[in-house]
Amino acid sequence: MLQQTQVATVIPFFNRFLKRFPDVRTLAKARVDTVLHHWTGLGYYARARNLHRAAQIIQSEHAGIFPVCFDDVLALPGIGKSTAGAILSLAFHQSYPILDGNVRRVLTRFYAISGDVSSVKNQEKLWSLIQHLVPSKGGSAAAFNQAMMDIGATVCIRRKPKCLTCPIRSHCQARALGSADSLPTPRKSRVRLRRMITMVILFDPRGRVLLERRPSKGVWGGLWSFPECVLDADIEKWCESALGVSATFRHALPSIKHGLTHFMLEIHPALLTVSARDSDKLLSQDREWVRPEAVGKKGLPVPVKNILNQIDIQKNDPDR
DNA sequence: AACGCGGGGCA
DNA sequence: TGCCCAGCGTT
């Protein structure tokens with residue numbers, strides 16, 4: 001589920017995504033690179049991979065028809081209890097609850113539940129509450145779930161909730177106690193560290209750059225990016241030892257700051273040229289020489305996409 | 001600059 | 001089973 005305010009920016013994206021992958025079959029048979037390409041900039045790239053895998057499972061195990069049994073939906077990658085409930089109640093009018101961030105906030109205020117929302121105890125409490133609250137009639141469950149999410153998204157918002165216009169204010173315990181503003185109990189924040197890396201941007205004699213596919217787990221999983229080395233490394237030596245090629249340093253681009261969940265990444269792009277005899281050595285299934293202006297259907301992290309654009313602009317700028 | 005999202009993966 | 005993780009938009 002997305003925050004209400006994010007929906008407007010995401011809708012054009014989904015329209016494009018749906019145009020490219022209009023049905024399960026199209027998505028299932030697409031290459032994962034193509035799917036990631038159309039997901040570029042949205043973040044949480046594991047979601048795109050899960051969506052793709054789910055389509056393949058629906059295609060192979062459910063004859064291309066989206067399953068309507070809770071356990072089958074839950075078994076799809078990327079779908080947990082809440083999302084399964086959302087699909088079955090909203091799309092198929094079955095009686096299952098949704099417990100997303102919005103609903104969770106409404107409940108913790110309505111019942112004045114304090115303490116860490118994500119603790120096992122509170123999770124059980126919230127699931128138990130919402131399971132008892134959801135109407136047993138499927139059509140009513142859909143309306144109820146939608147209403148709960150709408151209240152959370154528009155009235156019972158995280159900061160400065162609009163209690164005065166809330167349709168369920170008369171029975172809200174947090175409002176009675178005057179504690180709506182301080183619930184849900186904020187989780188303790190973590191320090192976000194800073195990490196600095198060098199992105200090694202290798203050019204071959206034909207002006208193409210080297211991209212490599214990142215591991216499917218971790219940051220930018222499955223996306224294509226530049227090789228990386230630690231900031232204070234001798235980059236030419238690093239190319240020799242890590243990549244087995246001789247490369248000549250050309251120049252550096254201004255550093256880029258990019259925020260990720262648990263750290264702030266400071267990227268220092270360095271441009272190098274690989275000798276003609278070595279450029280073929282780098283080719284593999286997960287490494288490709290690409291023209292900066294024609295990367296093709298690959299998923300790219302936002303900063304990598306920006307760097308490629310920048311390189312392309314510089315190349316076509318006669319002043320450079 | 002801080003925060004939260006719904007779920008997966010790994011001790 | 002409890003924890004840690006992701007990339008973006010909003011505030």
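Proteins come first, then strands; the chains are lettered A, B, ... in the order of their sequence lines, and each starts at number 1. Worth knowing before you read on, the calculation uses all heavy atoms, side chains too, and leaves out hydrogens, waters and symmetry mates.
In this structure, Leu36(A) atom CG and dC8(C) atom C1' are separated by 16 Å, rounded to whole Å. A straight line from CZ of Arg47(A) to C1' of dA6(C) spans 9 Å, rounded to a whole angstrom. One interatomic measurement links the two molecules: CD of Gln123(A) to P of dG7(B), which rounds to 11 Å at whole-angstrom precision. Distance, Arg105(A) CZ to dT11(C) P: 11 Å, rounded to whole Å. Atom NZ of Lys257(A) is separated from atom P of dC8(C) by 17 Å (rounded to the nearest Å). At whole-Å resolution of the value, CG in Asn306(A) and C1' in dC8(C) are 14 Å apart. Straight-line distance from the CG atom of Leu223(A) to the P atom of dC8(C): 9 Å, rounded to whole Å. To the nearest angstrom, P of dT10(C) lies 18 Å from NZ of Lys160(A).
For Ala48(A), the side chain to side chain contact (heavy atoms under 4.5 Å, CB included) partners at least two apart in sequence or on another chain are Val35(A), Leu36(A), Trp39(A). Checked against salt bridge (charged side-chain N to carboxylate O under 4.0 Å, His left out), Lys305(A) has no partners two or more places apart in sequence or in another chain. Every ring pair (Phe, Tyr, Trp, His ring centres under 6.0 Å) that Tyr96(A) has, sequence neighbours left out, goes to Phe70(A). Evaluation of the salt bridge (charged side-chain N to carboxylate O under 4.0 Å, His left out) rule for Lys281(A) yields Asp278(A) as partners, not counting sequence neighbours.
The side chain of Phe263(A) lies closest to dA6(C), out of dA6(C), dT11(C), dG4(B). The side chain of Val120(A) has dG2(C) as its nearest neighbour among dG2(C), dA6(C), dG7(B). Distance from the side chain of His258(A) is smallest to dC8(C) among dG4(B), dG6(B), dC8(C).
Each of Tyr44(A) and Ile79(A) was matched to the nucleotide of DNA chain B holding its nearest heavy atom; the match closer to the 5' end belongs to Tyr44(A).
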Side-chain donor/acceptor pairs under 3.5 Å, residues 230-240 of chain A, sequence neighbours excluded:
from	atom 1	to	atom 2	distance (Å)
Asp234(A)	OD1	Glu236(A)	N	3.1
Asp234(A)	OD1	Lys237(A)	N	3.1
Glu236(A)	OE2	Phe249(A)	N	2.7

Could you pull out all donor-acceptor pairs under 3.5 Å where a side-chain atom in residues 15-24 of chain A meets a protein atom, sequence neighbours excluded?
from	atom 1	to	atom 2	distance (Å)
Asp23(A)	OD1	Arg25(A)	N	3.4
Asp23(A)	OD1	Thr26(A)	N	2.9
Asp23(A)	OD1	Thr26(A)	OG1	2.5

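Residues Ile87(A) and Met148(A) do not share a hydrophobic cluster, clusters being chains of Ile/Leu/Val/Met/Phe/Trp/Tyr side chains in contact below 4.5 Å.
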Scan nucleotides 9-11 of chain B against the protein and return all N/O pairs shorter than 3.5 Å with their distances rounded to 0.1 Å.
from	atom 1	to	atom 2	distance (Å)
dC10(B)	OP1	Lys217(A)	NZ	3.2

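Taking a 4.0 Å limit (strictly below) on heavy-atom distances, residues 68-78 of chain A reaches DNA chain B at Leu76(A), Pro77(A), Gly78(A).
Contact annotation: Arg104(A) side-chain N/O to dG6(B) OP1/OP2 distance is under 4.0 Å.
The closest side-chain donor-acceptor pair between Arg105(A) and Asn102(A) falls under 3.5 angstrom.
As judged by a 4.0 angstrom heavy-atom cut-off over every strand, Arg49(A) is placed among residues making no nucleic acid contact.
Atom name P, nucleotides dA6(C) and dA11(B): the rounded distance is 15 Å, in whole Å.
The backbone N or O of Asp72(A) sits nowhere less than 3.5 Å from a side-chain atom of Glu61(A) that would complete a donor-acceptor pair.
Among residues at least two apart or in separate chains, side chain to side chain donor-acceptor pair (under 3.5 Å) pairs with a member in residues 198-227 of chain A are Asp33(A)-Arg213(A), Asp33(A)-Trp224(A), Asp204(A)-Arg208(A), Glu212(A)-Arg287(A), Arg213(A)-Asp286(A), Arg214(A)-Glu228(A).
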